[in-house]
> 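Pasting in a structure now, in structure tokens, and then I'll have a few things to ask.
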Amino acid sequence: MAVATMPITKTTSIGVSTLQIARRAVLRYLRTPQLIVLGTIQGAMFLLIFRYVFGGAIAISGGIPYVDFLVPGFITTGVLFSGMGAATGAAEDLEQGFVDRLRSLPVPRVCFLTGRALADTAWNTWGLIVTAAIGFAVGFRLHDSVVNALAAFGLCVIFGFAFEWLFIMLGLLAGTPQAAQGMALLVFPFTFISSAYIPVSSMPGWLQAFASRQPITYMVDSVRALTQGQAAETLIGHSAGYLVVRALLWALGFVVVFGPLAALRYRRS
Amino acid sequence: MALIIEARGLTKRFGKTQALDGLDLTAESGQVVALLGPNGAGKTTFIRMVATLLRPDGGDLRVGGYDVRRQAPAVRRTIGLAGQFAAIEPAMTGRENLEMVARLFGQNRKNARSNASSVLEMLGLADAAGRLVRTYSGGMRRKLDLGASLVGAPKLLLLDEPTTGLDPRSRIELWDAIRTLVGQGTDVLLTTQYLDEADNLASHVVIIDHGRVVAAGTPAELKRRVGGKVIEVHVRTDDDVARVAQVLRRFDHGEVRIDQATRQVSVSVEGGGPVLMNALRAVEEAGLEVEDVALRQPKLDEVFLTLTGQPSADAALETTAS
Ligand SMILES: Nc1ncnc2c1ncn2[C@@H]1O[C@H](COP(=O)(O)OP(=O)(O)OP(=O)(O)O)[C@@H](O)[C@H]1O
Ligand SMILES: [Mg+2]
């Protein structure tokens with residue numbers, strides 16, 4: 001067998017390793033059609049329920065139609081739901097021995113994490129496109145420039161990336177996909193205690209105090225302001241710039257806190 | 001000769017379990033080493049240490065001359081690991097799996113492709129190369145896993161129970177593949193719970209239990225100490241058990257073992273067919289009737305019994321342990 005050998009001390013480059021690991025994770029998503037179909041149907045179903053079942057009972061002040069209020073919240077929190085795939089994916093990689101294989105190869109340690117984050121971001125972006133398309137289909141419209149809308153989309157990609165570090169860490173911590181899913185589901189309530197689906201002002205005071213200050217609210221409101229313009233800024237009480245800065249700071253905070261934690265957990269696993 | 005593995009006084013503790021308890025093991029280049037031991041003996045723990053997946057608590061371990069603690073990247077370039085459970089990607093084809101590992105090993109696209117091809121060819125997986133691994137049988141998966149461990153052309157292959165759970169045919173095919181590799185100059189460290197596997201593949205066998213080496217040597221040396229084969233005689237009546245034991249004692253190499261509950265008498269013998277014939281003749285001459293008789297390889301617990309004079313402490317737990 002003519003097999004070429006490599007110099008003994010060399011470590012494979014970070015770029016190649018990351019891409020190979022990301023490619024595998026993306027193929028795992030793509031070649032599990034049930035995942036894509038189910039994910040799309042689920043997303044569409046929940047959007048339709050909020051839009052048509054709850055929507056009638058929720059009035060937004062300032063003359064913003066509920067669908068225009070809801071869809072930015074729905075798209076933004078969507079990254080949390082597709083982000084759960086990162087948690088179960090990381091846990092499966094541990095459980096099924098992929099992590100062991102990687103660690104027995106001359107690959108830089110960090111590449112498992114960068115590869116996963118890259119793949120999960122691609123997966124998230126796809127989810128964002130689908131959700132946005134469904135949003136437009138049920139009547140969502142932009143009330144600001146297309147440039148701002150694209151910026152909002154970019155923000156969602158960044159938020160997704162930021163949350164992934166939390167999910168990857170949870171996945172590595174959980175160790176089994178079932179446990180990972182269970183842990184990831186704990187973020188569910190936080191999307192409800194935010195401005196994603198209903199105005200925070202309708203909540204009792206003590207809950208409002210939390211809901212109006214938590215990261216998901218800043219993220220949702222920044223996307224809302226960028227897609228709905230003046231009316232949304234008036235409703236929220238802050239300018240788009242103010243919201244975007246805070247949302248990005250939160251995103252940065254997630255990466256700074258959970259990135260190293262995930263790396264530490266990977267080292268120990 | 002150069003030492004490919006050099007372990008001195010290795011220890012590893014998991015909570016209350018002392019998985020490795022001062023393990024000494026050296027393997028020369030050009031040898032196939034089989035690590036033989038019952039469940040929980042520490043085989044996987046040792047393999048994982050050699051593969052730099054676990055750090056030793058104490059002791060020294062050099063692989064291919066490199067220290068596993070301080071020169072891990074060089075060790076990783078020396079070894080290829082096929083773990084106890086096949087770690088290949090079901091959502092990728094056989095070829096994609098091997099190419100990915102080759103690329104992660106640092107090969108460029110062209111080399112990765114051609115190495116993957118030759119490995120697939122060698123393992124007889126060329127026809128299935130384009131199929132998703134999801135559709136592979138258990139034996140094909142094991143083979144592909146072996147392929148993944150050798151596509152990087154490592155100096156030392158680490159195979160943790162490579163044939164556990166395979167049907168006899170796949171088992172023999174995998175053995176052939178391993179022998180081919182060895183013929184090409186790859187060193188192999190494999191673990192197994194089967195004596196015949198060690199006998200078939202290895203030039204050096206190390207028997208471990210409780211994280212320590214119990215015995216080591218060539219298969220022939222060990223067999224000489226254990227006795228080559230076991231004659232197992234099953235009789236009709238309870239009374240015959242003792243009588244058959246009496247007769248068989250003459251052929252005994254170690255000790256006659258009696259299992260009254262199953263009315264079974266077994267004895268380690270040297271040599272094969274002729275001894276069996278003589279033994280049967282002797283039983284017949286004594287006027288005893290036999291239900292069933294077999295000549296077989298000694299089981300692992302019998303090896304322990306002979307080599308250590310005491311049963312492996314895990315033998316009793318084997319049914320409950322995973
Ligand atoms: N990560 C771990 N945490 C706790 N205990 C462990 C861990 N890994 C191994 N052990 C324990 O260490 C001992 C040795 O385990 P090891 O997996 O090395 O055995 P083995 O010889 O490979 O057994 P088997 O034939 O069942 O694969 C066992 O008692 C096992 O329970
Ligand atoms: Mg094991």
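In what follows, chains carry the letters A, B, and so on, assigned in the order in which the sequence lines appear, proteins first and then strands, with residues in each chain numbered from 1.
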> Kindly compute the distance separating CZ (A/R23) from CD (B/E99), expressed to the nearest 0.5 Å.
7.5 Å
> Indicate yes or no: at least one non-hydrogen side-chain atom of B/T52 is less than 4.5 angstrom from one of A/R103.
no
> Which heavy atom of A/L27 sits nearest a heavy atom of B/M92, and at what distance?
CD1-CG, 3.7 Å
> Of the backbone (N, CA, C, O) and the side chain (C-beta and beyond), which part of B/S149 lies under 4.5 Å from a heavy atom of chain A, both, or neither?
both
> A/L105 versus B/L81: any side-chain heavy-atom pair under 4.5 Å?
no
> Would you mind checking which part of B/A102 comes under 4.5 Å of any heavy atom in chain A, side chain (CB onward), backbone (N, CA, C, O), both or neither?
neither
> Is a side-chain donor or acceptor of B/R76 paired with a backbone partner of A/S104 at a separation under 3.5 angstrom?
no
> For a 4.5 angstrom cut-off between non-hydrogen side-chain atoms, does A/R101 reach B/D145?
yes
> Taking side chain as everything from C-beta outward and backbone as N, CA, C, O, which of these in B/L132 sits under 4.5 Å from a heavy atom of chain A? Side chain, backbone, both or neither.
side chain
> Hey, is CZ on B/R69 packed in by over 12 heavy atoms from elsewhere, all under 6.0 Å?
yes
> So how far is it from B/R134 CZ to A/T32 OG1, rounded to the nearest 0.5 Å?
5.0 Å
> Heavy-atom pairs under 4.5 Å with chain B: which of A/G97, A/S13, A/P106, A/P108 has the most?
A/P106
> Heavy-atom distances under 4.5 Å only: say whether B/E96 touches chain A with side chain, backbone, both or neither.
side chain
> So does A/Q214 have more than 12 non-hydrogen atoms from other groups sitting under 6.0 Å from CD?
yes
> At a heavy-atom separation under 4.5 Å, does A/L19 approach chain B through its side chain, its backbone, both, or neither?
neither
> Rounded to the nearest 0.5 Å, how far apart are CZ of B/F85 and CD of A/E95?
10.5 Å
> Would the number of heavy atoms belonging to other residues, nucleotides or ligands and lying under 6.0 Å from CD1 of A/I14 be above 12?
no
> Could you check if a side-chain atom of B/L104 sits within less than 4.5 angstrom of a side-chain atom of A/V107, using non-hydrogen atoms only?
yes
> For A/R31 and B/E89: C-alpha separation, side-chain torsions, deciding distance, then whether salt bridge (Lys or Arg N to Asp or Glu O under 4.0 Å) applies.
CA-CA 11 Å; A/R31 290 182 183 165; B/E89 178 48 56; over 6 Å; no
> Side-chain contact test, heavy atoms from C-beta onward, threshold under 4.5 Å: evaluate it for B/R48 versus A/D100 and give yes or no.
yes
> State whether the number of non-hydrogen atoms from other residues, nucleotides or ligands found under 6.0 Å of A/W126 atom CH2 is greater than 12.
no
> Please indicate whether A/F190 has more than 12 foreign heavy atoms, meaning atoms of other residues, nucleotides or ligands, lying under 6.0 Å from its CZ.
no
